[in-house]
Amino acid sequence: MVVSMGVTVTTPVYEGPFDLLLDLILREEVELYEVSLLTIVDAYLEELENMQEYDLELATEFLLIASILVELKTRRLLPSSNKIDPDDEYGLWEERDLLLAKLVECKTFKEAASQLRALSQTASLSWPRRAGLEDAFLSLTPDLLEGVSKEDLREACLRAMAPRPSIHVNVEHIAPIKATVVEAVTKLLEEVPKTGVVSFKHLTKGLTDRIEIVVKFLAILELYKQGVLEIDQIDSFGEISVSWCPEAELSDMDLLDIYEG
Amino acid sequence: MSEKKAKLQKVSGVEAEADIRRAIEAILMVAIDPVSPSVLAQLFEVPVDEIEQICDSMVDHYGQEQSGFMLVHIGGGYRFQSNPEQAQWVERFVLEGQSRKLTAAAMETLAIVAYKQPISRAQISAIRGVDVEGVMRNLQQRGLIDEVSRDVGPGNAVLYGTTQEFLERMGINSTTDLPPLGEFVPGPEVVEALERSLRVVPDEVTISSNEEG
Amino acid sequence: MSEKKAKLQKVSGVEAEADIRRAIEAILMVAIDPVSPSVLAQLFEVPVDEIEQICDSMVDHYGQEQSGFMLVHIGGGYRFQSNPEQAQWVERFVLEGQSRKLTAAAMETLAIVAYKQPISRAQISAIRGVDVEGVMRNLQQRGLIDEVSRDVGPGNAVLYGTTQEFLERMGINSTTDLPPLGEFVPGPEVVEALERSLRVVPDEVTISSNEEG
């Protein structure tokens, strides 16, 4: 996902991962454990398409949510072992409680933020007097440039003109990204035609990082959107099966372009 | 009252409260930022609480005057401002609009800083669930937040707090004037809805356990 | 008088002279420079002589008020200013209360003007990423910068430059004596931030080339 820097889009709908989660949960009354990830991902991809410009920050925020969801659902989506470790189960509950606490906290500050906005809107109806000193008093003011050297001035100018790093998009908070969607797409294109129908579980075998699983999942979705792959999930929490779509004639480079565009 | 007057006369040479009022009015006319009671107290050599008393009665006085301006206690000091009722006219006169609006993300981050200060960037990230570096920088550049101290713990993380500018933008005198955070905690029905949506379906756990056995 | 009121109602929608007075008070309280009657006349869609009549009666009113400020007709306009009777307190406030150092924001703004003059306020805002109105006014009041020309482009924005006083205070003959900015060398913090944000790229480049090959 190479995206030119400095492109930031504020969308009225999503501002953070928990917001997104809140929106999806509250607005669509989504039962997190009953809905397939696909629904959420689809809603998100749709949102992306509606955006004027691709927003990497939003995309990475989404990856974060997706990774949380995947982790929460991992045991169902990927019943890699029939045995359920009681510790794992306990861990799942703990995680759920943590997520709930975070959602409640997030909602609290969302409300607080809207209150602050209301306060600042009221305050903005009143302008302060800023006329400052009358001419008669100006001679009294101290020499503001006392002790300021030419070099100080130069440094201040350079400081002011330095590119502001705030525009950079930081994806580090997700995890050091070892896997990329492009890579995953490439791999899938090699793998799936050979294997025929294959389970998501199989495709993600050996992946330990949740982010890698998310990336693989997004890659499958992307190929699904392009009509290259077919996805089937019979039960809500059933196995996802992935198969090659015989009619597909999309070149690899086209697909890479999608992610580099 | 006569005792206080005598004291004022003696200490500062200012004849009476009315004189202090006039002097404060003149000073507020030329000041660019809110003038704190302590600055005035020093200037007139009068206890701060007396200054505050005088200023507060001035706030009331201008409030009753029904004039186009008012005196407000804001950002830890006093200043003259236009009456909000005249906003439509002032708006048309002042070419430059108020500073640009904050995004929802910025506002939320600002709220967290306001209520949890002093707070580190990592702590805010943990609450918002995303990295807040860009947003924090933006807020700092706008002068709404600033580094206030360092964490004593390992790493000595920079701790942030809100600024005087923040108070002025919110139209309040101090962060204690903010409505208590408890007012914003979602009601039980919302919490319940969230909880329900996160509920692990018991059936499945059962099935899985059966499989195990 | 009743005829005039009717006219005001008709022309401006402002109900009465008292309403105009309040609006004028609000505007004059926040205006930086004296406001000319013609500007007010345009704003309220009321004849200039009526505005002058209203303003002159306001001048009288504040004159009788015995307050710390007054309304004066000066420089072709009206403005509020401190009452000369309070000059001693204003002087003490200026000498004792004002900070003696330029703020970082003021310093940066001054530096940009010095190196990039002539430059408009909007251009400086764009560089600094924040509104610079207040800072610019302060620098202008202190005689360090001034309006030097107007942009020939649309809008004819006012362009600012540094003053003779600035040169004298800096001890230089001309702004060409300022050390050259040179090639911009970003600080370590900027480099780090950029590097971090670009970290994902190399991997992908490799993958893409592999794919091609």
Side-chain angles (χ1 to χ4, degrees), chain A residues 10 15-19 25-26 29-34 57 61 64 75-76 79 82-84 89 92-93 96 99-100 102-117 119-120 122-134 137 164-168 170 172-173 237, chain B residues 28-32 69-70 72 79-84 87 90 94 98 102-105 107-108 110-112 114-115 125 127-131 133-135 137-138 141 168-172 178-179 181 183-186 190-191 193-201 204-205 208-209 211-212:
Chain A
T10 356
E15 283 284 358
F18 291 114
D19 288 13
I25 291 170
L26 294 176
E29 295 175 358
V30 168
E31 288 262 348
L32 211 53
Y33 280 90
E34 281 179 10
E57 198 170 345
E61 284 179 358
L64 194 75
R75 287 153 190 88
R76 273 147 202 88
N82 283 333
K83 289 181 180 173
I84 284 191
E89 204 178 329
L92 180 64
W93 280 94
R96 193 206 65 145
L99 190 57
L100 179 63
K102 274 181 172 278
L103 287 171
V104 169
E105 191 173 41
C106 189
K107 186 120 182 70
T108 302
F109 280 109
K110 245 171 108 83
E111 288 301 310
S114 74
Q115 184 66 32
L116 288 192
R117 194 181 289 286
L119 276 178
S120 73
T122 306
S124 74
L125 292 177
S126 176
W127 281 258
R129 177 167 178 87
R130 288 246 161 92
L133 283 178
E134 290 130 28
F137 302 106
R164 283 187 294 281
S166 56
I167 51 165
H168 91 258
N170 190 351
E172 201 183 32
H173 60 276
F237 300 106
Chain B
L28 294 181
M29 207 44 62
V30 304
I32 290 174
F69 55 86
M70 57 190 196
V72 291
R79 79 172 171 201
F80 280 115
Q81 290 186 181
S82 64
N83 192 323
V90 178
V94 181
Q98 299 282 58
L102 292 173
T103 63
M107 211 62 187
E108 224 175 283
L110 189 58
I112 295 170
Y115 280 100
S125 283
I127 294 174
R128 290 214 60 239
V130 278
D131 186 76
E133 185 184 359
V135 172
R137 236 170 240 275
N138 189 313
Q141 266 176 345
E168 289 178 28
R169 273 288 288 276
M170 295 298 146
I172 55 176
L178 288 172
L181 191 60
E183 281 180 20
F184 307 122
V185 175
V190 175
V191 175
L194 289 173
E195 198 180 16
R196 206 172 36 235
S197 73
L198 290 174
R199 194 169 297 153
V200 178
V201 183
E204 288 172 42
V205 176
S208 304
S209 325
E211 271 170 13
E212 192 187 2

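Because the structure is predicted, anything quoted here is derived from the model rather than measured. Labels below follow one simple rule: chain letters A, B, ... track the order of the sequence lines, proteins then strands, and each chain is numbered from 1.
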Shortest non-hydrogen separation from Ala111(B) to Leu116(A) and the atoms involved = CA-CD1, 3.6 Å
Identify which part of Tyr115(B) has an atom lying under 4.5 Å from any heavy atom of chain A, answering side chain, backbone, both or neither.
-> side chain
Which region of Met70(B), side chain (C-beta onward) or backbone (N, CA, C, O), has a non-hydrogen atom less than 4.5 Å from a non-hydrogen atom of chain A, or is it both or neither?
-> side chain
Most heavy-atom pairs under 4.5 angstrom with chain B, which of Glu111(A), Glu105(A), Arg117(A)?
-> Arg117(A)
Shortest non-hydrogen contact between Thr108(A) and Pro186(B), atoms and distance | OG1-CD, 3.2 Å
Roughly how far apart are Ser120(A) OG and Ile172(B) CD1, rounded to 0.5 Å?
-> 10.5 Å
Enter the distance from Cys106(A):SG to Ile127(B):CD1 here, rounded to the nearest 0.5 Å.
-> 9.5 Å
Which value, rounded to the nearest 0.5 Å, describes the distance between Met107(B) atom CE and Gln115(A) atom CD?
-> 10.0 Å
By a 4.5 Å heavy-atom criterion (distance strictly below it), what part of Pro179(B) contacts chain A: side chain, backbone, both, or neither?
-> side chain
For Ala112(A) and Leu181(B), work out which heavy atoms get closest and say how close.
-> CB-CD1, 4.0 Å
Taken to the nearest 0.5 Å, the spacing of Arg129(A) CZ from Arg79(B) CZ works out to 12.5 Å
Could you give the distance from CZ (Arg169(B)) to CG (Leu119(A)), rounded to the nearest 0.5 Å?
-> 12.0 Å
